[in-house]
There are 2 protein chains.
Amino acid sequence: MKKASLKDIAAMTGTSITTVSLVLNGRAKQMRISDEVAEMIVKTADEAGYVPNQMAVRLRTGKSKLIGIIVDTISGNFFSTLAPIVEQSLAPYGYRIIYAATENEPERTRQVIQMLREQAVEGYILMPHNGMRKELDRLLQDEKPVVLLDMNFEDLELPVVRVDGEQSIIKLVHQLVQKGYQRIGMVTSDHPHAQLQYRLSGYEQGLIELGMPLKKTYIHTVAMKKSREAQLKALSTWLQQKNRPDCVIFSANYLGVLGVEVLQRLGWNMPNDLGMVVFDDQDLFRLYPGGISVIEQPTAQMAESAANLLLQGLGIKKGGRKLEYILPGKTVLRGST
Amino acid sequence: MKKASLKDIAAMTGTSITTVSLVLNGRAKQMRISDEVAEMIVKTADEAGYVPNQMAVRLRTGKSKLIGIIVDTISGNFFSTLAPIVEQSLAPYGYRIIYAATENEPERTRQVIQMLREQAVEGYILMPHNGMRKELDRLLQDEKPVVLLDMNFEDLELPVVRVDGEQSIIKLVHQLVQKGYQRIGMVTSDHPHAQLQYRLSGYEQGLIELGMPLKKTYIHTVAMKKSREAQLKALSTWLQQKNRPDCVIFSANYLGVLGVEVLQRLGWNMPNDLGMVVFDDQDLFRLYPGGISVIEQPTAQMAESAANLLLQGLGIKKGGRKLEYILPGKTVLRGST
DNA sequence: CTGAAAGCGCTTACAG
DNA sequence: CTGAAAGCGCTTACAG
């Protein structure tokens, strides 16, 4: 059965498409359409399984009621907790969400943005990185509200919500040193995620504040393009260097998983053989025997804040003129330190 | 800057919208439009940042180039590995994906399906459960291709791809008994996911085949609506029942996580105090010291098969007339058994 | 080689 | 109380 249109319903009920449209949009009372007619139209439409053709509605009204969320990848904890929350925050206002992943590839990023512009989305929540500045500028030309996740461009003055990775790590470094660790290392990656920069700089800042040496050899960068096996090997070698770190901060979730795997291969125990902290929590760290210390990201809060900022940008919610939400990470010390 | 339309570009180049449309759709050569004109149009459109209004294109052509994927929840491993793969499989054909989560709520399910129908999506991949039969029927009326995930409705003859939960568990039960376990239990949930039924029936079938007693008290059903704490308590009590199971099969990922947490609270070790196997793998089980045995789901394969079936349904790929992909789960025995 | 015109399915002034 | 008509931005026969 083909989908019924307004015209069909009008024909079936012996009325005009104007009347049908009015009734189906709940404006029957307002337009003083007789109850009898209205009722019949509703019933007929329902039976025919009528749904308005959104393409036509949007074309006509110029509103797509669509929000685009652009993240680097959709596989991962961050996205999967973020998405439902944003969705629920926007649903009451009739907004729907389209997700798109850049996979950190410039070409894909271009496509994704082009695609969202074609859909005429009315606003964006996006996690940018330095490499996509040009694409972002293009997008900004449309003058649609944009909320940034995790990083800002200084010259842009866009609303942003992010975790304060820098402060979180600075504080962590202090705590670790207080616990007696002398040679704190950091594992980061060459993933273009801006937060990794904040975190690294927090690590350096923390050591500087404490007057501790900042050794290049204590920073290991995982090459994301390499095979998992190669990543594990490199990390393992690094961990076994002469005068090796006695505690390592893993700058992201997936790096921590890598770390656990390497420790296991080496047969090392935490915290005896090595102290360990990971940025971002997950089941593995929470339930690993003894527990692995983490800095918790307030992802849910980020999602809510982002949704709020966007709603403000859309002119739906009146907000304070607060443009930046910098949320604190929460250190959860468990058995691994 | 407002978005430029065909008309704008036509005005800017002193041509007609027909010509602009033709050129921008790559039909300049075919229509023998002069290179000079074509070039100018392309350049102008590019500078103006022109993107076609998809609302108009779709309304006109009747094609949305949109595929809907309906799952129960988007937070979770299954979805986050499924989605990117399906996306990549369909992208070469110009199809885009819209995700929607039912959260297992009938009302939400209705909304979601309505929403997708409004978008005029051209095909669906969906993970149904018995409770949504009515909504599914409504959707089927549109006569768009639908590929089912995880379960089929016997009277419907829709293409389906699923893991053979039943056989996987039957085999597992045999293996466990061979290992010497005498009192195998199962933890399932009241989540309406069809696979849970298959798995439970595999458990029962396995025991029957081996002539072992099938005790109701050895099956524990987690109440999804309850608080996490309540779930943990109930599971803990059940595990400590008199003549308690010596090995438990956790019917899903999230149930296994619950299991690990309870064992930890009880201070029990695997496999000494209790054997444990989980349906579906994840970092926690893989890297838990000693390892936790699992049945691996071939999620990537499922995604590919589903995408393929859909492509066939859309008439884009010629496939065999294979309507059912039942993929085997893979038992990975680790230290917990 | 290029343009005028119809029509996709809606919404919404405007008329009666 | 209800309908005829314009127009959203496209694509695509059809004409010239």
Side-chain angles (χ1 to χ4, degrees), chain A residues 2-42 44-45 48-66 94 117-122 142, chain B residues 2-42 44-45 48-66 94 117-122 142:
Chain A
K2 249 198 103 246
K3 274 215 285 232
S5 71
L6 272 192
K7 202 158 93 182
D8 298 329
I9 307 295
M12 288 163 76
T13 53
T15 58
S16 75
I17 59 172
T18 306
T19 309
V20 177
S21 172
L22 258 18
V23 169
L24 262 21
N25 284 317
R27 298 176 55 190
K29 281 271 174 294
Q30 187 185 338
M31 300 306 271
R32 305 209 230 152
I33 289 165
S34 68
D35 288 358
E36 192 190 2
V37 172
E39 215 168 282
M40 177 178 62
I41 288 175
V42 169
T44 307
Y50 171 77
V51 283
N53 179 327
Q54 287 301 311
M55 267 71 253
V57 173
R58 288 179 193 164
L59 178 58
R60 175 59 226 237
T61 61
K63 300 266 161 214
S64 71
K65 286 288 185 178
L66 247 29
R117 293 183 67 222
E118 286 176 356
Q119 312 283 322
V121 309
E122 294 179 36
D142 291 343
Chain B
K2 249 199 100 245
K3 273 215 285 233
S5 71
L6 271 191
K7 200 157 92 178
D8 298 330
I9 307 295
M12 289 162 76
T13 53
T15 58
S16 75
I17 59 172
T18 306
T19 308
V20 177
S21 172
L22 257 17
V23 169
L24 262 21
N25 283 317
R27 298 176 57 189
K29 282 271 174 293
Q30 187 185 336
M31 298 308 271
R32 305 209 230 153
I33 289 166
S34 68
D35 287 356
E36 192 189 1
V37 171
E39 215 167 282
M40 177 179 62
I41 288 175
V42 169
T44 307
Y50 172 77
V51 282
N53 179 326
Q54 288 300 313
M55 266 71 254
V57 174
R58 288 180 194 163
L59 177 58
R60 175 58 226 235
T61 61
K63 300 267 161 211
S64 71
K65 286 285 184 181
L66 247 29
R117 293 184 68 221
E118 286 176 356
Q119 311 283 323
V121 309
E122 293 179 37
D142 291 344

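So that the names make sense, note that chain A is the first sequence line, chain B the second, and so on, each numbered from 1.
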Closest to the [X] side chain, choosing from [options]:
| X | options | result |
| --- | --- | --- |
| B:Ile33 | C:dC8, C:dT2, C:dG9 | C:dT2 |
| A:Thr19 | C:dC10, D:dG3, D:dC10 | D:dG3 |
| B:Ser34 | C:dC1, D:dT2, D:dG7 | C:dC1 |

Could you tell me the separation between the [atom1] atom of [X] and the [atom2] atom of [N], rounded to a whole number of Å?
| X | N | atom1 | atom2 | value |
| --- | --- | --- | --- | --- |
| B:Arg58 | D:dC8 | CZ | C1' | 16 Å |
| B:Met40 | C:dC1 | CE | C1' | 13 Å |
| B:Lys63 | C:dG7 | NZ | P | 21 Å |
| A:Arg60 | C:dC10 | CZ | P | 13 Å |
| A:Asn25 | D:dT2 | CG | C1' | 16 Å |
| B:Asn53 | C:dC8 | CG | C1' | 13 Å |
| B:Leu22 | C:dG3 | CG | P | 11 Å |
| B:Ile41 | C:dC1 | CD1 | C1' | 12 Å |

Any [X] side-chain nitrogen or oxygen under 4.0 Å from OP1 or OP2 of [N]:
| X | N | answer |
| --- | --- | --- |
| B:Ser21 | D:dT11 | yes |
| A:Ser5 | C:dG9 | no |
| B:Thr15 | C:dT2 | no |
| B:Tyr50 | D:dG9 | no |
| B:Arg27 | D:dT12 | yes |

Which pair of heavy atoms, one from [X] and one from [Y], lies closest together, and at what distance?
| X | Y | answer |
| --- | --- | --- |
| A:Thr44 | A:Met12 | CG2-CE, 3.6 Å |
| A:Ala48 | A:Ile9 | CB-CD1, 4.0 Å |
| B:Ile33 | B:Ala38 | CG2-N, 4.3 Å |

**Message:** Between B:Gly14 and B:Leu59, which residue's closest nucleotide on DNA chain C lies nearer the 5′ terminus?
**Reply:** B:Gly14
**Request:** Between B:Ala56 and B:Ser16, just flag the one whose closest nucleotide in DNA chain C comes earlier from the 5' side.
**Result:** B:Ser16
**Asked** Between A:Ser21 and A:Thr18, does any side-chain donor sit less than 3.5 Å from a side-chain acceptor?
**Response** no
**Item:** Counterpart base for C:dT2, defined by Watson-Crick or G-U wobble contacts under 3.5 Å
**Value:** D:dA15
**Message:** Side chains of B:Arg58 and B:Leu66, heavy atoms from C-beta outward: is any pair under 4.5 Å?
**Reply:** yes
**Asked** What nucleic acid atoms does A:Thr18 come within less than 4.0 Å of, heavy atoms only: base, sugar-phosphate, or nothing?
**Response** base
